[in-house]
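Encoded as structure tokens, the structure appears first; notes follow it.
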Amino acid sequence: MSISSAEISQIIQQRIKDFEAPVVAADAGVITALGDGIAQIYGLSGVMAGELLEFPNGVVGMALNLEEDQVRAVVMGRTESVKEGDEVRTTGRVVEVPVGRRLLGRIVNALGVPIDGKGELGASELRPVERVAAGVVTRQMVDTPVQTGIKAIDSMVPIGRGQRELIIGDRQIGKTAIALDTIINQRGQNLTCIYVAIGQNAASVARVAALLEEHGALEYTVIVSATAAEPAALQYLAPYTGCTVGEWFMDQGEDALVVYDDLSKHAWAYREISLALRRPPGREAYPGDVFYLHSRLLERAARMGAAEKGGSLTALPIIETQANDVSAYIPTNVISITDGQIYLEGDLFYAGNRPAVSVGLSVSRVGGSAQIRAMRQVSGRLRLDLAQYRALAAFAQFSSDLDKATRDQLERGQRLTELLKQGQYEPVPVAQQVMVLYAGVNGLLDGIPIDRITAWEQQFRRFVSHEHQGLEAELNQKKALDEALERQLREVIEQFNQGFDTGKD
């Protein structure tokens with residue numbers, strides 16, 4: 001069958017007449033220069049600050065510097081597939097990441113894309129990574145504890161839901177271990193956890209995920225990873241992504257905890273970006289807006305009032321110091337933003353006092369409001385006793401002749417120090433913490449040799465769990481030591497001490 005040219009022409013004309021093309025508004029520009037992960041773009045006249053940009057080959061970026069005749073943007077991905085002369089398009093939306101329960105148990109990158117090989121997230125709500133912090137009027141007082149399971153912290157530097165508590169210290173002395181202990185201890189505590197790994201190697205992130213999975217904590221945890229191999233832009237974005245994920249749970253009226261590990265590397269990544277963007281450093285020593293960088297992140301942690309469903313977001317930022325220098329630029333910045341700090345001392349760590357929490361330099365500005373009453377009752381004297389012990393121990397080095405009261409105080413301090421030692425990834429329930437600390441501060445361990453204190457604690461906790469479950473349950477229920485409960489606890493401790501092997505002949 002043959003078709004004439006007139007019929008073909010008629011068909012084409014009809015197709016053209018029926019064709020409807022959607023009108024797409026796109027602001028397009030051209031890359032004029034590319035280097036150090038920064039693209040200079042000409043032609044994006046309608047771009048917004050922080051807007052998501054589309055580069056060729058599926059690469060995305062974020063507009064940061066809006067200048068008179070050009071835009072400077074960070075490329076969040078491999079720059080090998082992008083070159084000068086390529087077209088760049090705006091998306092009309094700021095950088096957003098997926099949020100919701102689908103992220104629980106997953107490892108995602110700074111853009112919220114899964115990198116754990118467990119498949120896609122599926123349909124998820126998207127939220128912008130930048131958000132104005134809640135106002136003072138919408139917040140309520142922090143008065144509910146976040147139990148870390150670490151005796152030295154829960155007793156002397158308590159953390160409350162909605163608080164910002166800094167973990168600070170030199171490299172490799174247990175900062176991350178404290179954060180992971182806290183996450184592991186939240187099993188059954190109705191606290192969703194987000195762990196943000198910034199500038200670490202991929203093997204470290206994999207170890208953290210394996211550890212959390214081993215302790216059954218990964219099911220209520222989200223890991224946001226921006227490794228050292230990734231562009232500085234993703235390391236800069238990662239903590240805001242983790243905060244946005246946590247805020248979603250807070251807005252549902254739930255409690256969430258986000259760990260930023262660590263903000264020192266975050267500041268370094270931002271400095272790299274800032275200088276590559278040719279922003280003036282300001283304030284001489286660093287890019288001048290690095291304080292704003294961290295304050296707008298940490299101010300988003302809050303405990304909301306009943307009108308806003310009463311959820312909370314607790315922040316545990318980590319800062320690495322150099323040679324115990326807490327007066328450096330970044331540490332002082334973050335100390336001034338947060339509600340207290342857990343300071344880890346290298347000397348204590350290498351002397352075997354782990355966790356190496358410094359009694360004198362660690363503080364919580366929430367204080368006893370974030371403790372159950374029973375813990376307040378037993379820990380009131382603990383900090384003072386330990387501080388006095390440290391002062392006496394330093395003085396006693398220069399004196400061989402000490403009176404009995406001084407010797408007794410030194411021995412009590414040594415026992416309390418031993419009592420606060422704790423193995424890694426072995427959180428202790430708060431009721432058992434109260435029991436062992438009660439024994440220490442009330443002199444019930446004065447007859448136990450110092451080198452047997454750790455064994456005493458382990459055996460006593462097993463003894464209570466098997467023989468006196470009712471005592472632990474009652475303490476958990478009342479959350480306070482009344483006269484009858486205190487008398488019962490003292491009797492149990494004295495009963496156990498009678499049968500405890502002190503190692504003496």
- Task: Evaluate the criterion salt bridge (charged side-chain N to carboxylate O under 4.0 Å, His left out) for residue pair Arg164 and Glu299; output intermediate values, then yes/no.
- Result: CA-CA 8 Å; Arg164 301 154 299 179; Glu299 284 295 332; 2.9 Å; yes
- Can Lys478 and Glu474 be said to form a side chain to side chain contact (heavy atoms under 4.5 Å, CB included), step by step? CA-CA 6 Å; Lys478 292 184 175 179; Glu474 189 176 357; 2.9 Å; yes
Please report the shortest heavy-atom distance between [X] and [Y], naming the atom on each side.
{"X": "Glu230", "Y": "Asn109", "value": "OE1-CB, 4.4 Å"}
{"X": "Val259", "Y": "Ala179", "value": "CG1-CB, 3.6 Å"}
{"X": "Ala315", "Y": "Ala301", "value": "CB-CB, 3.9 Å"}
{"X": "Ser362", "Y": "Tyr343", "value": "OG-N, 2.9 Å"}
{"X": "Leu103", "Y": "Pro98", "value": "CD2-O, 3.7 Å"}
{"X": "Tyr236", "Y": "Ala269", "value": "N-CB, 4.3 Å"}

Any donor-acceptor pair under 3.5 Å linking the side-chain atoms of [Y] with those of [X]?
{"X": "Ser465", "Y": "Gln432", "value": "yes"}
{"X": "Thr192", "Y": "Arg101", "value": "no"}
{"X": "Glu254", "Y": "Gln252", "value": "no"}
{"X": "Ser274", "Y": "Arg271", "value": "no"}
{"X": "Asp181", "Y": "Tyr425", "value": "no"}
{"X": "Ser369", "Y": "Asp143", "value": "no"}
{"X": "Gln371", "Y": "Arg376", "value": "no"}
{"X": "Gln388", "Y": "Gln409", "value": "yes"}
{"X": "Asn185", "Y": "Thr148", "value": "no"}
{"X": "Gln163", "Y": "Thr338", "value": "no"}

- Item | Geometric cation-pi criterion Arg187 and Tyr220, 6.0 Å radius, 45° cone | no
May I ask you to test the [X]-[Y] pair for a side-chain heavy-atom distance under 4.5 Å?
{"X": "Val94", "Y": "Met62", "value": "no"}
{"X": "Tyr292", "Y": "Leu297", "value": "no"}
{"X": "Phe500", "Y": "Ile448", "value": "yes"}
{"X": "Tyr438", "Y": "Ile493", "value": "yes"}
{"X": "Asn476", "Y": "Val430", "value": "yes"}

Does a side-chain N-to-carboxylate-O contact under 4.0 Å join [X] and [Y]?
{"X": "Asp339", "Y": "Arg365", "value": "no"}
{"X": "Arg102", "Y": "Glu125", "value": "no"}
{"X": "Glu96", "Y": "Arg93", "value": "yes"}
{"X": "Arg490", "Y": "Glu486", "value": "no"}
{"X": "Asp408", "Y": "Arg412", "value": "no"}
{"X": "Arg131", "Y": "Asp251", "value": "yes"}
{"X": "Arg462", "Y": "Glu467", "value": "no"}
{"X": "Lys175", "Y": "Asp170", "value": "no"}
{"X": "Lys421", "Y": "Glu418", "value": "yes"}

Let me confirm one number: the [atom1]-[atom2] distance from [X] to [Y], rounded to the nearest 0.5 Å.
{"X": "Asp261", "Y": "His266", "atom1": "CG", "atom2": "NE2", "value": "13.0 Å"}
{"X": "Leu475", "Y": "Leu489", "atom1": "CG", "atom2": "CG", "value": "7.5 Å"}
{"X": "Asp255", "Y": "Asn190", "atom1": "CG", "atom2": "CG", "value": "8.0 Å"}

- Item | Within 6.0 Å of CD in Glu219, more than 12 heavy atoms from elsewhere | yes
- Message: Under the criterion side chain to side chain donor-acceptor pair (under 3.5 Å), I'd like the reasoning laid out for Thr138 against Glu308: C-alpha separation, chi angles, the key distance, then a yes or no.
- Response: CA-CA 7 Å; Thr138 61; Glu308 283 73 30; 5.1 Å; no
- Task: Verify side chain to side chain donor-acceptor pair (under 3.5 Å) between Arg383 and Ser155, making sure each step is shown before the conclusion.
- Result: CA-CA 8 Å; Arg383 178 186 281 272; Ser155 60; over 6 Å; no
- Query: Between Trp456 and Phe496, how do the two ring planes meet: parallel, tilted or perpendicular, split at 30° and 60°?
  - Reply: perpendicular
- Query: Knowing that exactly one of Val142, Thr314, Thr182 qualifies, which makes a side-chain contact (heavy atoms from CB on, under 4.5 Å) with Ile159?
  - Reply: Thr314
- Query: For the residue pair His468 and Phe463, is the inter-centroid distance of their aromatic rings smaller than 6.0 Å?
  - Reply: yes
- Query: Given Leu420 and Leu386, is the side chain to side chain contact (heavy atoms under 4.5 Å, CB included) satisfied, shown in steps?
  - Reply: CA-CA 11 Å; Leu420 291 177; Leu386 282 173; 3.4 Å; yes
- Take Phe460 and Val464, measure what side chain to side chain contact (heavy atoms under 4.5 Å, CB included) needs, and give me the verdict at the end. CA-CA 6 Å; Phe460 175 72; Val464 169; 3.5 Å; yes
- Message: Quick one, Glu272 with Tyr270, criterion side chain to side chain contact (heavy atoms under 4.5 Å, CB included). Give me CA distance, side-chain angles, the key distance, then yes/no.
- Response: CA-CA 5 Å; Glu272 180 182 336; Tyr270 178 71; over 6 Å; no
